[in-house]
2 protein chains.
Amino acid sequence: MIDADQKFEEFLKLKELKYTSERKFVLKAIFSFHKHFDVEELFEKLREQGNHISRATIYRTIPLLLQSGLITEALHCQDKTSYENIFNKKHHDHLVCINCGKIIEFYNERIEKLQEEVCKQHNFVPIEHRLGIKGYCEDCYKKIKKETK
Amino acid sequence: MIDADQKFEEFLKLKELKYTSERKFVLKAIFSFHKHFDVEELFEKLREQGNHISRATIYRTIPLLLQSGLITEALHCQDKTSYENIFNKKHHDHLVCINCGKIIEFYNERIEKLQEEVCKQHNFVPIEHRLGIKGYCEDCYKKIKKETK
DNA sequence: AATGATATTGAGACTTAATTGCAATGAAAA
DNA sequence: TTTTCATTGCAATTAAGTCTCAATATCATT
């Protein structure tokens with residue numbers, strides 16, 4: 001099985017770019033998140049791991065990771081851009097709780113198929129899509145109902 | 001038929017806020033766009049219409065328009081946040097061309113229903129959703145195919 | 001119509017995410 | 001080992017968006 005390191009290295013080689021230790025550390029840090037992350041969190045994670053990588057380098061590495069298909073931009077929750085590791089993960093969409101921020105991932109084959117149909121109808125060639133549903137998760141909805149009683 | 005002005009005024013009254021001439025002008029400018037717009041474009045449109053409204057006021061008015069349901073945030077295309085007038089418009093989703101920026105609106109009843117199903121399965125109470133498909137429109141796809149020949 | 005309480009405005013300072021220029025450094029091919 | 005050129009960190013810069021505050025406008029009440 002190909003690992004992410006290898007995939008990134010191949011991507012960089014193809015672009016005639018170098019696989020530096022900084023880029024290796026950034027990738028490693030990303031894979032130690034099990035949820036979405038933003039640049040600031042990544043910066044701190046790197047320090048925790050003993051790697052002082054500058055923010056500039058992180059900002060410069062992210063477009064490469066996006067292009068190589070290892071990560072993807074997540075929904076803009078507030079103001080910061082956040083990302084998600086998608087290496088060897090099946091595509092999925094999101095339910096986002098606007099109260100507690102919880103993110104539920106889902107995948108629905110029929111929705112995917114219907115999207116393809118829509119694209120065909122418009123002679124549109126899809127590259128990627130994003131479906132985000134905002135609302136209240138079970139717990140938060142219960143809480144809110146109680147409060148307004 | 002209720003017009004947008006009236007709807008906004010009622011919303012403001014409910015919140016015990018004032019319907020100032022600045023807010024009126026902002027609303028008017030928004031309705032003279034027939035596509036998505038961002039804050040800078042809105043600022044310029046207002047000047048064209050002879051109304052010098054400060055950016056600060058625009059930034060302060062937008063959350064009110066969002067809350068009142070007159071506009072909605074559009075997909076983050078690049079870096080700027082852009083908005084869309086949705087007054088008396090049926091909900092729709094978007095196909096966005098990553099080459100020319102063209103936006104095609106679509107509505108698919110079955111996708112909507114399936115989303116409701118997904119939410120039920122997760123005991124999630126949806127408030128709003130957004131589906132954006134990025135790719136190439138017919139024209140751009142043709143152009144690109146030609147170039148790579 | 002005048003009054004008064006309070007929301008609103010514009011200007012510019014400020015905050016924060018993201019980008020860029022540049023000199024020093026590092027990777028890898030020759 | 002040398003040479004070439006991408007990469008790095010730092011700090012300055014840009015740009016979106018927010019905030020402060022004094023002056024002003026709105027609207028309910030008199």
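A note on names: the letters A, B, ... follow the listed sequences, proteins ahead of strands, and every chain is numbered from 1.
- Nearest-nucleotide mapping onto DNA chain D: of A:R23 and B:E9, the residue sitting toward the 5' end is A:R23.
- C:dA17 atom P lies 12 Å from atom CZ of A:F43, rounded to whole Å.
- Counting heavy-atom neighbours within 6.0 Å of B:F31 CZ, excluding the residue itself, gives a total above 12.
- Shown are A:T72, A:L66, A:L42; of these, the side chain to side chain contact (heavy atoms under 4.5 Å, CB included) with A:Y83 is made only by A:L66.
- D:dT8 atom P lies 10 Å from atom NZ of A:K18, rounded to whole Å.
- For A:E73 and C:dA18, the CD to C1' distance is 12 Å, given to the nearest whole Å.
- Ring centroid separation for the pair A:Y136 and B:F124 does not come in under the 6.0 Å cut-off.
- Regarding B:K13, its NZ atom lies at a distance of 17 Å from the C1' atom of C:dT8, rounded to whole Å.
- A donor-acceptor contact under 3.5 Å is not formed by the side chain of A:K80 with the base of C:dT16.
- Note that the two end axes of the helix from C:dA1-D:dT30 to C:dA30-D:dT1 enclose an angle of 30°, each drawn from 5 base pairs, rounded to 10 degrees.
- Ion pair A:E138/A:K102 not flagged as a salt bridge, since none of the NZ, NE, NH1 or NH2 atoms sits closer than 4.0 Å to an Asp/Glu carboxylate oxygen.
- Here the nucleotide nearest the side chain of B:V39, chosen from D:dG17, C:dG10, D:dG9, is D:dG17.
- The nearest heavy atom of DNA chain D to A:S21 and to B:E40 marks one nucleotide each, and the one closer to the 5' end goes with A:S21.
- Ring planes of B:F106 and A:H122: tilted class, angle from 30 to 60°.
- Contact annotation: A:Y59 reaches the phosphate of C:dA18 (side-chain N/O to OP1 or OP2, under 4.0 Å).
- With rounding to whole Å, B:E41 atom CD is found 16 Å from D:dA15 atom P.
- Remark: C1' of C:dA17 and CD1 of A:I62 are 12 Å apart, rounded to the nearest angstrom.
- Across the protein-nucleic acid pair, B:L42 atom CG and D:dG17 atom C1' stand 14 Å apart, rounded to whole Å.
- We find that B:E40 and B:R55 are joined by a salt bridge, their nearest charged nitrogen and carboxylate oxygen being less than 4.0 Å apart.
- Cation-pi geometry between B:K24 and B:Y19 is satisfied (NZ or CZ under 6.0 Å from the ring centre, within 45° of the ring normal).
- Taking side-chain N and O atoms only, A:T81 has a distance below 4.0 Å to OP1 or OP2 of C:dA18.
- Not one side-chain nitrogen or oxygen of B:T20 sits closer than 4.0 Å to the OP1 or OP2 atom of C:dA7.
- Distance from the side chain of A:L17 is smallest to D:dA6 among D:dA6, D:dT8, D:dG17.
- Residue B:R60 places no side-chain atom within donor-acceptor reach of the base of D:dG17, judged by atom type and a 3.5 Å distance cut-off alone.
- When the P atom of D:dC5 is taken as reference, atom CD of A:E16 falls 11 Å away, rounded to whole Å.
- Applying a 4.0 Å cut-off to non-hydrogen atoms, the residues of residues 45-58 of chain A that approach DNA chain C are A:A56, listed by residue number.
- Taking the six-membered ring wherever Trp is involved, the centroid distance between the rings of A:H129 and B:H94 does not fall below 6.0 Å.
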> Checking salt bridge (charged side-chain N to carboxylate O under 4.0 Å, His left out) for the pair B:E117/B:K113: CA distance, chi angles, key distance, verdict?
Replying inline: CA-CA 6 Å; B:E117 263 180 45; B:K113 284 265 179 279; over 6 Å; no
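- Between A:L70 and A:I86, every side-chain heavy-atom pair lies at or beyond the 4.5 Å cut-off.
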